[in-house]
Amino acid sequence: MMNKKLLYCFVLSILVQSCCFYGDCTDDDIGMYQSPYEAVLITREALEASVELKESRPIVNSGKIYVKDNLLIINEKNEGFHIYDNSNPEHPVALNFLKTPGATDIAIRNNMLYINQAVDLIAVMVTPNAETITVTKRIRNTFPEMLAPDGSYAYDKAEDEVVVNWIETLN
């Protein structure tokens, strides 16, 4: 009988000590993890006005590659798409760059490009020679917010801001 009381007191003592030790957390301790990445943010309004056809430029951080008829389309991760005339696959000719901040993937059907642009899905009509584009539809918040490479979120963004990329910071 005495052993059970002693065991009960011992367990109770451990629980009380644990509560005191772990109960010492403050609000300052929460979020102590410092991500080595910083979110690149733009406003919702800027995101929706950001899709445009620009002059071709060098590929820096390529993603997926697509072929559509005589066009070769190469994703520049989180920035847009390089468009090439691929009539002669041995010598593709750079035509232009489709700027779409936050874009990581594309699907193509006929002359319509379906692009995930950050959290939105957009439909972009492109002429066969990629001389002009028209955003025909935008479905907001189709995709989850873009996470940093380490899996963290942008905790200090405003409600009207969208994450379009992450850059590594040197601490």
Side-chain angles (χ1 to χ4, degrees), residues 30-31 33-89 91-171:
I30 299 171
Y33 173 72
Q34 180 73 22
S35 175
Y37 298 95
E38 182 179 326
V40 176
L41 304 168
I42 63 173
T43 64
R44 161 64 62 187
E45 183 180 354
L47 178 75
E48 293 184 10
S50 67
V51 179
E52 61 182 316
L53 211 50
K54 309 281 277 178
E55 282 187 24
S56 64
R57 64 183 208 189
I59 298 172
V60 176
N61 189 14
S62 66
K64 296 179 179 179
I65 300 172
Y66 306 87
V67 176
K68 166 69 172 120
D69 301 326
N70 287 331
L71 295 179
L72 175 66
I73 302 171
I74 303 173
N75 176 235
E76 181 79 32
K77 292 180 184 176
N78 300 320
E79 294 187 33
F81 300 90
H82 300 273
I83 303 175
Y84 291 83
D85 177 347
N86 200 37
S87 300
N88 180 356
H91 300 286
V93 176
L95 296 175
N96 41 43
F97 181 75
L98 176 57
K99 179 184 163 198
T100 47
T104 57
D105 209 349
I106 189 171
I108 305 170
R109 184 167 186 202
N110 299 323
N111 290 335
M112 190 68 70
L113 308 178
Y114 299 93
I115 301 170
N116 75 305
Q117 185 188 21
V119 293
D120 294 353
L121 174 64
I122 60 172
V124 178
M125 177 69 76
V126 61
T127 56
N129 56 1
E131 289 179 345
T132 61
I133 59 145
T134 306
V135 177
T136 61
K137 184 149 179 109
R138 175 179 296 273
I139 304 172
R140 289 179 165 194
N141 301 314
T142 304
F143 303 103
E145 180 178 293
M146 187 183 300
L147 297 177
D150 67 350
S152 61
Y153 286 94
Y155 293 106
D156 54 352
K157 71 179 187 71
E159 190 172 317
D160 72 329
E161 291 180 316
V162 178
V163 178
V164 293
N165 203 351
W166 288 88
I167 54 173
E168 191 167 9
T169 57
L170 302 176
N171 294 334

- Would you mind reporting whether Val119 and Arg140 have side-chain heavy atoms less than 4.5 Å apart? no

- Message: Using side-chain heavy atoms (C-beta onward) and a distance below 4.5 Å, is Leu95 in contact with Leu71?
- Response: yes

- Decide yes or no for Asp105 and Lys64: does some side-chain heavy atom of the first lie under 4.5 Å from some side-chain heavy atom of the second? yes

- Quick check: does any side chain N or O of Thr169 sit under 3.5 Å from a backbone N or O of Pro36, one acting as donor and the other as acceptor? yes

- Query: Cut-off 3.5 Å, side chains only: do Thr104 and Asn116 have a donor facing an acceptor?
  - Reply: yes

- Task: Taking the side chain as every heavy atom from C-beta outward, state whether Leu113 and Ile73 have any pair of such atoms under 4.5 Å apart.
- Result: yes

- Note on the structure: Exactly one candidate in Val51, Leu98, Asn75, Ile108 meets side chain to side chain contact (heavy atoms under 4.5 Å, CB included) with Ile115; the answer is Leu98

- Note on the structure: What one should report as the nearest heavy-atom pair of Phe81 and Ala103 is CE1-CB, 3.7 Å

- Using a 4.5 Å cut-off on heavy atoms from C-beta on, say whether the side chain of Val162 contacts that of Asp120. no

- Item | Close side-chain approach of Asn61 to Glu76, heavy-atom, < 4.5 Å | yes

- Item | salt_bridge(Glu79, Arg57) N-O dist < 4.0 Å | yes

- Item | Short side-chain to backbone donor-acceptor contact, Trp166 and Met146, under 3.5 Å | yes

- Item | Which atom of Leu41 lies closest to which atom of Ala154, heavy atoms considered | CD2-CB, 4.5 Å

- Do Gln117 and Val135 come close enough that some side-chain heavy atom pair is under 4.5 Å? no

- State, yes or no, whether a side-chain contact exists between Lys68 and Tyr66 at a heavy-atom distance under 4.5 Å. no

- Message: A quick test of your reading: do over 12 heavy atoms of other residues, nucleotides or ligands sit less than 6.0 Å from NZ of Lys137?
- Response: no

